Amino acid sequence: DAKTTQPPSMDCAEGRAANLPCNHSTISGNEYVYWYRQIHSQGPQYIIHGLKNNETNEMASLIITEDRKSSTLILPHATLRDTAVYYCIVRVAYQTGANNLFFGTGTRLTVIP
Amino acid sequence: DVKVTQSSRYLVKRTGEKVFLECVQDMDHENMFWYRQDPGLGLRLIYFSYDVKMKEKGDIPEGYSVSREKKERFSLILESASTNQTSMYLCASSLWGTARTDTQYFGPGTRLTVL
(Lines give C-alpha, C1' and ligand atoms only; values in the text may rest on other atoms or scores of the structure.)
Protein backbone atom coordinates (compact mmCIF):
# COMPACT_ATOMS: atom_id res chain seq x y z
CA ASP A 1 0.00 0.00 0.00
CA ALA A 2 1.19 3.50 -0.83
CA LYS A 3 2.44 5.79 1.92
CA THR A 4 0.65 8.98 2.82
CA THR A 5 1.87 12.25 4.28
CA GLN A 6 -0.35 14.48 6.39
CA PRO A 7 0.35 17.58 8.50
CA PRO A 8 0.48 16.63 12.18
CA SER A 9 -2.02 19.25 13.30
CA MET A 10 -4.45 21.92 12.10
CA ASP A 11 -6.87 24.37 13.65
CA CYS A 12 -10.19 25.46 12.20
CA ALA A 13 -12.74 28.00 13.41
CA GLU A 14 -16.17 26.63 14.23
CA GLY A 15 -18.56 27.02 11.30
CA ARG A 16 -15.80 27.36 8.73
CA ALA A 17 -14.70 24.72 6.24
CA ALA A 18 -11.88 22.46 7.34
CA ASN A 19 -9.60 21.39 4.51
CA LEU A 20 -7.32 18.50 5.39
CA PRO A 21 -4.60 17.69 2.85
CA CYS A 22 -2.96 14.36 2.12
CA ASN A 23 -0.07 13.54 -0.18
CA HIS A 24 0.16 10.09 -1.72
CA SER A 25 2.62 10.55 -4.58
CA THR A 26 3.31 6.81 -4.98
CA ILE A 27 -0.32 5.78 -5.34
CA SER A 28 -0.96 3.15 -7.98
CA GLY A 29 -3.88 2.90 -10.37
CA ASN A 30 -5.92 0.41 -8.37
CA GLU A 31 -5.49 2.05 -4.98
CA TYR A 32 -8.31 3.94 -3.32
CA VAL A 33 -8.02 6.91 -0.97
CA TYR A 34 -9.83 6.39 2.35
CA TRP A 35 -10.43 8.81 5.18
CA TYR A 36 -11.18 7.81 8.74
CA ARG A 37 -11.25 9.86 11.92
CA GLN A 38 -10.83 9.01 15.57
CA ILE A 39 -12.38 11.07 18.30
CA HIS A 40 -10.56 10.80 21.60
CA SER A 41 -11.05 7.44 23.36
CA GLN A 42 -13.30 6.07 20.60
CA GLY A 43 -12.78 3.66 17.75
CA PRO A 44 -11.99 5.05 14.27
CA GLN A 45 -14.94 6.12 12.17
CA TYR A 46 -15.15 5.80 8.39
CA ILE A 47 -15.74 9.09 6.59
CA ILE A 48 -15.39 8.67 2.83
CA HIS A 49 -13.35 7.02 0.10
CA GLY A 50 -12.75 7.41 -3.62
CA LEU A 51 -10.68 6.25 -6.56
CA LYS A 52 -10.30 9.21 -8.90
CA ASN A 53 -13.53 11.15 -9.02
CA ASN A 54 -14.49 13.62 -6.33
CA GLU A 55 -16.89 12.18 -3.78
CA THR A 56 -19.40 13.70 -1.40
CA ASN A 57 -21.52 12.24 1.35
CA GLU A 58 -23.37 13.55 4.36
CA MET A 59 -20.17 13.94 6.35
CA ALA A 60 -17.62 15.35 3.94
CA SER A 61 -16.28 15.86 0.45
CA LEU A 62 -13.18 14.26 -1.01
CA ILE A 63 -11.27 16.07 -3.73
CA ILE A 64 -8.64 14.01 -5.56
CA THR A 65 -6.22 15.76 -7.92
CA GLU A 66 -6.17 14.70 -11.55
CA ASP A 67 -2.79 12.99 -11.17
CA ARG A 68 -4.08 11.31 -7.97
CA LYS A 69 -0.93 12.23 -6.07
CA SER A 70 -2.81 14.20 -3.45
CA SER A 71 -6.27 14.68 -2.02
CA THR A 72 -8.17 16.97 0.31
CA LEU A 73 -10.88 16.08 2.78
CA ILE A 74 -13.35 18.93 3.25
CA LEU A 75 -15.65 19.27 6.26
CA PRO A 76 -17.89 22.06 4.99
CA HIS A 77 -19.02 23.52 8.32
CA ALA A 78 -16.78 22.31 11.11
CA THR A 79 -18.30 21.87 14.57
CA LEU A 80 -16.64 21.25 17.92
CA ARG A 81 -17.59 17.57 17.58
CA ASP A 82 -15.33 17.33 14.52
CA THR A 83 -12.26 17.72 16.73
CA ALA A 84 -10.43 14.44 16.12
CA VAL A 85 -7.44 12.81 14.48
CA TYR A 86 -8.04 12.35 10.75
CA TYR A 87 -6.33 9.53 8.89
CA CYS A 88 -5.74 9.37 5.15
CA ILE A 89 -5.14 5.80 3.95
CA VAL A 90 -4.34 4.54 0.50
CA ARG A 91 -4.93 0.90 -0.29
CA VAL A 92 -6.22 -1.62 -2.76
CA ALA A 93 -9.83 -2.47 -2.07
CA TYR A 94 -10.60 -6.13 -1.40
CA GLN A 95 -7.13 -7.53 -1.76
CA THR A 96 -7.38 -11.02 -0.32
CA GLY A 97 -5.03 -11.51 2.59
CA ALA A 98 -4.38 -7.81 2.94
CA ASN A 99 -7.63 -6.20 3.86
CA ASN A 100 -6.19 -4.39 6.82
CA LEU A 101 -5.88 -0.64 7.08
CA PHE A 102 -2.52 1.04 7.66
CA PHE A 103 -3.16 3.97 9.93
CA GLY A 104 -0.30 6.44 10.21
CA THR A 105 -0.19 9.25 12.71
CA GLY A 106 -2.83 11.38 10.94
CA THR A 107 -3.74 15.06 11.36
CA ARG A 108 -5.05 16.27 14.68
CA LEU A 109 -7.82 18.75 13.82
CA THR A 110 -8.88 21.13 16.55
CA VAL A 111 -12.06 23.11 15.96
CA ILE A 112 -11.93 26.35 17.87
CA PRO A 113 -15.11 28.06 19.15
CA ASP B 1 -26.40 1.57 11.48
CA VAL B 2 -23.63 -0.94 11.81
CA LYS B 3 -22.90 -1.76 15.37
CA VAL B 4 -19.67 -3.30 16.60
CA THR B 5 -19.52 -3.91 20.31
CA GLN B 6 -16.64 -4.98 22.49
CA SER B 7 -17.05 -6.78 25.79
CA SER B 8 -15.22 -4.25 27.96
CA ARG B 9 -14.08 -0.63 27.70
CA TYR B 10 -11.42 -1.02 30.37
CA LEU B 11 -9.68 -4.15 31.64
CA VAL B 12 -6.88 -4.67 34.15
CA LYS B 13 -5.12 -8.04 34.27
CA ARG B 14 -2.02 -9.49 35.85
CA THR B 15 1.02 -10.85 34.04
CA GLY B 16 0.52 -14.47 33.06
CA GLU B 17 -3.28 -14.36 33.08
CA LYS B 18 -5.28 -15.61 30.12
CA VAL B 19 -7.31 -12.76 28.68
CA PHE B 20 -10.34 -12.93 26.41
CA LEU B 21 -11.51 -9.92 24.41
CA GLU B 22 -14.83 -10.37 22.67
CA CYS B 23 -16.23 -8.53 19.67
CA VAL B 24 -19.71 -8.78 18.22
CA GLN B 25 -21.10 -7.18 15.06
CA ASP B 26 -24.73 -7.09 14.05
CA MET B 27 -24.54 -6.48 10.30
CA ASP B 28 -23.75 -9.96 8.99
CA HIS B 29 -20.26 -8.87 7.89
CA GLU B 30 -17.92 -11.55 6.61
CA ASN B 31 -14.65 -9.85 7.62
CA MET B 32 -13.58 -9.12 11.17
CA PHE B 33 -10.32 -7.65 12.43
CA TRP B 34 -8.39 -7.14 15.64
CA TYR B 35 -5.98 -4.21 15.88
CA ARG B 36 -3.96 -2.72 18.66
CA GLN B 37 -3.26 0.98 18.87
CA ASP B 38 -0.24 2.45 20.63
CA PRO B 39 0.94 6.08 20.77
CA GLY B 40 3.19 6.93 17.85
CA LEU B 41 2.62 3.56 16.16
CA GLY B 42 -0.88 3.98 14.76
CA LEU B 43 -3.05 0.89 14.35
CA ARG B 44 -1.40 -2.48 13.84
CA LEU B 45 -3.28 -5.53 12.66
CA ILE B 46 -3.06 -8.57 14.90
CA TYR B 47 -5.39 -11.05 13.16
CA PHE B 48 -8.30 -11.00 10.80
CA SER B 49 -10.97 -13.43 9.71
CA TYR B 50 -12.91 -13.53 6.45
CA ASP B 51 -15.26 -16.36 7.37
CA VAL B 52 -16.34 -18.56 10.23
CA LYS B 53 -13.42 -20.67 11.50
CA MET B 54 -11.06 -18.91 9.08
CA LYS B 55 -8.26 -16.71 10.35
CA GLU B 56 -5.19 -15.01 8.98
CA LYS B 57 -2.23 -13.51 10.78
CA GLY B 58 -1.76 -9.80 10.58
CA ASP B 59 1.41 -7.84 11.22
CA ILE B 60 1.89 -8.65 14.92
CA PRO B 61 0.25 -12.01 15.79
CA GLU B 62 2.86 -13.14 18.32
CA GLY B 63 1.40 -13.69 21.77
CA TYR B 64 -2.19 -13.68 20.49
CA SER B 65 -4.69 -16.15 19.13
CA VAL B 66 -8.23 -15.72 17.82
CA SER B 67 -11.43 -17.66 17.54
CA ARG B 68 -14.37 -17.25 15.17
CA GLU B 69 -17.00 -19.90 15.83
CA LYS B 70 -19.94 -17.75 14.74
CA LYS B 71 -20.12 -15.15 12.00
CA GLU B 72 -21.01 -12.31 14.32
CA ARG B 73 -18.38 -12.96 16.98
CA PHE B 74 -14.58 -12.68 16.87
CA SER B 75 -12.54 -13.27 20.01
CA LEU B 76 -8.97 -12.24 20.72
CA ILE B 77 -7.08 -14.33 23.25
CA LEU B 78 -3.93 -13.44 25.10
CA GLU B 79 -2.69 -16.84 26.26
CA SER B 80 -0.37 -15.41 28.91
CA ALA B 81 -0.65 -11.66 29.24
CA SER B 82 2.54 -9.63 29.44
CA THR B 83 3.12 -5.97 30.27
CA ASN B 84 4.04 -5.17 26.66
CA GLN B 85 0.50 -6.13 25.69
CA THR B 86 -0.85 -3.12 27.55
CA SER B 87 -2.63 -1.25 24.77
CA MET B 88 -5.91 -0.14 23.23
CA TYR B 89 -7.49 -3.05 21.34
CA LEU B 90 -9.87 -2.29 18.51
CA CYS B 91 -12.19 -4.67 16.71
CA ALA B 92 -13.57 -3.91 13.25
CA SER B 93 -15.79 -5.57 10.68
CA SER B 94 -16.42 -5.11 6.98
CA LEU B 95 -18.60 -6.47 4.26
CA TRP B 96 -17.23 -8.75 1.57
CA GLY B 97 -18.47 -7.02 -1.53
CA THR B 98 -17.55 -4.36 -4.04
CA ALA B 99 -15.01 -1.62 -3.55
CA ARG B 100 -17.83 0.83 -2.94
CA THR B 101 -18.67 -0.99 0.26
CA ASP B 102 -15.16 -1.79 1.46
CA THR B 103 -15.20 0.16 4.67
CA GLN B 104 -14.33 -1.02 8.13
CA TYR B 105 -16.57 -0.30 11.09
CA PHE B 106 -14.88 -0.13 14.45
CA GLY B 107 -15.96 -0.89 17.96
CA PRO B 108 -15.31 1.53 20.83
CA GLY B 109 -12.09 -0.19 21.88
CA THR B 110 -10.88 -1.97 25.00
CA ARG B 111 -8.10 -0.35 26.98
CA LEU B 112 -6.16 -3.25 28.49
CA THR B 113 -3.63 -2.74 31.25
CA VAL B 114 -1.39 -5.66 32.23
CA LEU B 115 0.28 -5.24 35.61
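Model, not experiment: these values are computed from the prediction. In what follows, chains are A, B, ... by sequence order, proteins preceding strands, each numbered from 1.
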Identify which part of B:Q6 has an atom lying under 4.5 Å from any heavy atom of chain A, answering side chain, backbone, both or neither.
neither
Can you tell which part of B:R9 gets under 4.5 Å to a heavy atom of chain A, answering side chain, backbone, both or neither?
side chain
Between A:D82 and A:R37, does any NZ, NE, NH1 or NH2 come within less than 4.0 Å of an OD or OE carboxylate oxygen?
yes
Considering only heavy atoms, which portion of B:L43 lies under 4.5 Å from any heavy atom of chain A: side chain, backbone, both, or neither?
both
More than 12 foreign heavy atoms under 6.0 Å from CZ of A:R108: is that the case here?
no
Any chance the rings of B:F74 and B:F48 have centres within less than 6.0 Å?
no
Should A:M10 and A:L80 be regarded as members of a common hydrophobic cluster, given that ILVMFWY residues are connected when their side-chain heavy atoms come within less than 4.5 Å of each other, either directly or indirectly?
yes
Under a 4.5 Å heavy-atom cutoff, which of A:P44, A:S41, A:G43 has the most pairs with chain B?
A:P44
Charged N to carboxylate O below 4.0 Å: is that the case for B:D51 and B:K71?
no
Taking every non-hydrogen pair under 4.5 Å, which of B:G109, B:P108, B:G58, B:C91 racks up the most with chain A?
B:P108
